[in-house]
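Quantities reported herein were computed from a predicted structural model and do not represent experimental measurements. What's counted below: heavy atoms across the whole structure, side chains too, no hydrogens, waters or symmetry copies.
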Amino acid sequence: MKLQIVPVGLMENYLAMVPANVQGIFERLHEHELSIETFSFYTSVSAVFSSKIEGEPIEMDSYLKYKLFATEFLPSYTRKIDDLYEAYLFAQKNELTKKNIGAAHSLITAHILVKALRGKIRTGNMVVLTGDGRIEYVAAAPVVKAEMKKFYADIESLLATEMSFFEALFFASLIHLVFVKIHPFGDGNGRTARLLEKWFLAQKLGSKAWFVQSEKYYYDNHKAYYDNIRRLGLEYDGLDFNNALPFLLMLPKSFSSNQ
């Protein structure tokens, strides 16, 4: 398989290390008993924990009360999670395409970015900062549009390629990681990357992918999550995807959250 930006060199080692029982766990997944026609429990899990990774002070119990029993909270407590919840619902109903990725990002950032920047590839430089103001990562700069063109082309190629269950996991994680490293938007990149991972998985493996609690696993192990992203390097031009294996193995490990 010839791809433009998504690296495939680690696949053999990855396939040798993924626990064999992961596929069985996946096949036994089913919608949660709390889900009803107008509410999806696992979509709430995804939205809450992906938001918590970004520092939102939301609690799962509170969000369930809000969604299921109309408990009233301040809008500032729930609206960004609602935006992400709507983006997941959008992804569940639409194909994974360049246009729809932009639309999903617009939903995610409805209360984060001004309208003109939602769904738009950034044109300026981008650095990721730590909580105390130190530079965490220097993202792709003048080449961001060219890199995203390659990224979209690779997604199209991967979606058109038949692959095994474990190969689908491998590429879903790589899409997540490559997107995070390009960091193409002004904000909302982490939330979008985690949605893309699940979206791709659902396109390849079916709707049960939306029941995987990967976002919760990443939050519960957020130090390892960020450490594994950092392993590749601190600047886009110097990234080494040979160090990506610990990150790629986190998605299959997340299946244990469903047991």
Side-chain angles (χ1 to χ4, degrees), residues 1-27 29 46 50 87-88 91-92 94-102 104-105 140 147-184 189-215 217-218 224-225 228-229 231-232 236 239-258:
M1 185 186 306
K2 187 175 182 180
L3 299 173
Q4 297 184 40
I5 191 170
V6 176
V8 299
L10 291 174
M11 183 183 288
E12 185 175 350
N13 287 340
Y14 174 88
L15 294 177
M17 297 178 69
V18 176
N21 68 332
V22 169
Q23 186 168 3
I25 295 173
F26 179 83
E27 291 172 352
L29 294 179
S46 296
S50 190
Y88 273 86
Q92 290 166 24
N94 291 277
E95 299 293 316
L96 179 55
T97 64
K98 174 183 176 181
K99 179 181 177 181
N100 286 337
I101 291 171
H105 180 262
E147 296 299 270
M148 285 305 292
K149 183 177 180 179
K150 298 175 188 176
F151 179 78
Y152 291 134
D154 281 357
I155 285 184
E156 187 174 344
S157 296
L158 289 167
L159 289 173
T161 301
E162 289 189 16
M163 58 184 64
S164 70
F165 172 85
F166 292 104
E167 288 170 341
L169 294 186
F170 175 79
F171 283 113
S173 296
L174 271 177
I175 286 169
H176 178 167
L177 187 56
V178 171
F179 185 91
V180 164
K181 287 303 188 181
I182 298 173
H183 232 71
N189 292 287
R191 295 171 175 90
T192 304
R194 291 182 288 274
L195 172 59
L196 290 181
E197 178 181 81
K198 189 78 67 69
W199 201 348
F200 178 83
L201 210 58
Q203 296 272 268
K204 301 305 288 186
L205 302 179
S207 60
K208 284 188 177 184
W210 297 110
F211 305 154
V212 178
Q213 297 185 61
S214 50
E215 298 89 350
Y217 181 83
Y218 296 146
Y225 176 78
N228 289 337
I229 290 174
R231 288 175 185 269
L232 276 66
Y236 187 78
L239 294 180
D240 185 357
F241 278 88
N242 289 318
N243 296 325
L245 201 54
F247 180 86
L248 302 182
L249 289 169
M250 293 192 78
L251 176 59
K253 289 178 181 177
S254 76
F255 283 52
S256 61
S257 298
N258 287 82

K.L.:
Parallel, tilted or perpendicular for F165 and F255, by the 30°/60° rule?
P.N.:
perpendicular

K.L.:
Return the CG to CG distance between L174 and L251, rounded to the nearest 0.5 Å.
P.N.:
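The CG atom of L251 is 11.0 Å from CG of L174, to the nearest 0.5 Å.
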
K.L.:
Which atom names give the shortest non-hydrogen contact between K204 and T161, and what distance separates them?
P.N.:
NZ-O, 2.6 Å

K.L.:
With a 4.0 Å cut-off, would you call K98 and E156 a salt bridge?
P.N.:
no

K.L.:
Side-chain contact test, heavy atoms from C-beta onward, threshold under 4.5 Å: evaluate it for Q4 versus F151 and give yes or no.
P.N.:
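No. Closest side-chain heavy atoms not under 4.5 Å.
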
K.L.:
Working to the nearest 0.5 angstrom, can you tell me the gap between Q92 CD and L195 CG?
P.N.:
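Spacing of CD (Q92) from CG (L195) equals 9.0 Å.
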
K.L.:
Go through M250 and S173 one step at a time and tell me if the side chain to side chain contact (heavy atoms under 4.5 Å, CB included) criterion holds.
P.N.:
CA-CA 8 Å; M250 293 192 78; S173 296; over 6 Å; no

K.L.:
Can you name the closest pair of heavy atoms from L249 and M17 and give their distance?
P.N.:
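In this case the closest contact between L249 and M17 is CD1-CE, 3.7 Å.
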
K.L.:
Write down the atom of Y14, the atom of L248, and the distance for their closest heavy-atom approach.
P.N.:
CE1-O, 3.4 Å

K.L.:
Closest approach of L29 and K208, non-hydrogen atoms and distance?
P.N.:
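Where L29 meets K208 most closely, the heavy atoms are O-CE, 3.2 Å.
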
K.L.:
Report yes if the side chains of Y217 and V212 come closer than 4.5 Å at any heavy-atom pair, otherwise no.
P.N.:
no

K.L.:
Once you round to the nearest 0.5 Å, how far does CD of E27 lie from CG of N21?
P.N.:
11.5 Å

K.L.:
Measure the CD-CZ distance between E12 and F170 for me, rounded to the nearest 0.5 Å.
P.N.:
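E12 CD to F170 CZ: 11.0 Å, rounded to 0.5 Å.
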
K.L.:
Only counting residues at least two apart or in another chain, list the ones meeting side chain to side chain donor-acceptor pair (under 3.5 Å) with E147.
P.N.:
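Per chain and number, E147 pairs via side chain to side chain donor-acceptor pair (under 3.5 Å) with K150, Y236.
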
K.L.:
Where do I229 and K181 land on the side chain to side chain contact (heavy atoms under 4.5 Å, CB included) test, with the steps shown first?
P.N.:
CA-CA 8 Å; I229 290 174; K181 287 303 188 181; 3.6 Å; yes

K.L.:
Stepwise, does the side chain to side chain contact (heavy atoms under 4.5 Å, CB included) test hold for L158 with M163?
P.N.:
CA-CA 9 Å; L158 289 167; M163 58 184 64; 4.0 Å; yes

K.L.:
Supply the atom-to-atom distance F26 CZ to L169 CG, rounded to the nearest 0.5 angstrom.
P.N.:
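It comes to 8.0 Å.
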
K.L.:
If I compare all heavy atoms of L96 with all of L159, which pair ends up nearest, and what's the gap?
P.N.:
O-CD1, 3.4 Å

K.L.:
Between the side chain of D154 and the main-chain N/O of V6, is any donor-acceptor distance below 3.5 Å?
P.N.:
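The answer is yes, because a donor-acceptor pair under 3.5 Å joins these two groups.
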
K.L.:
Excluding sequence neighbours, so at least two apart, what forms ring pair (Phe, Tyr, Trp, His ring centres under 6.0 Å) with F247?
P.N.:
H176, Y225

K.L.:
Does the side chain of L10 reach to within under 4.5 Å of the side chain of F241, using non-hydrogen atoms?
P.N.:
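No, every pair of side-chain atoms sits at 4.5 Å or beyond.
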
K.L.:
With heavy-atom distances below 4.5 Å as the criterion, would you say the side chains of L205 and F200 are in contact?
P.N.:
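No, every pair of side-chain atoms sits at 4.5 Å or beyond.
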
K.L.:
Roughly how far apart are T192 OG1 and E197 CD, rounded to 0.5 Å?
P.N.:
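Here the interatomic distance stands at 13.0 Å.
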
K.L.:
Which atom names give the shortest non-hydrogen contact between L3 and F171, and what distance separates them?
P.N.:
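Shortest heavy-atom separation between L3 and F171 comes out as CD1-CE2, 3.9 Å.
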
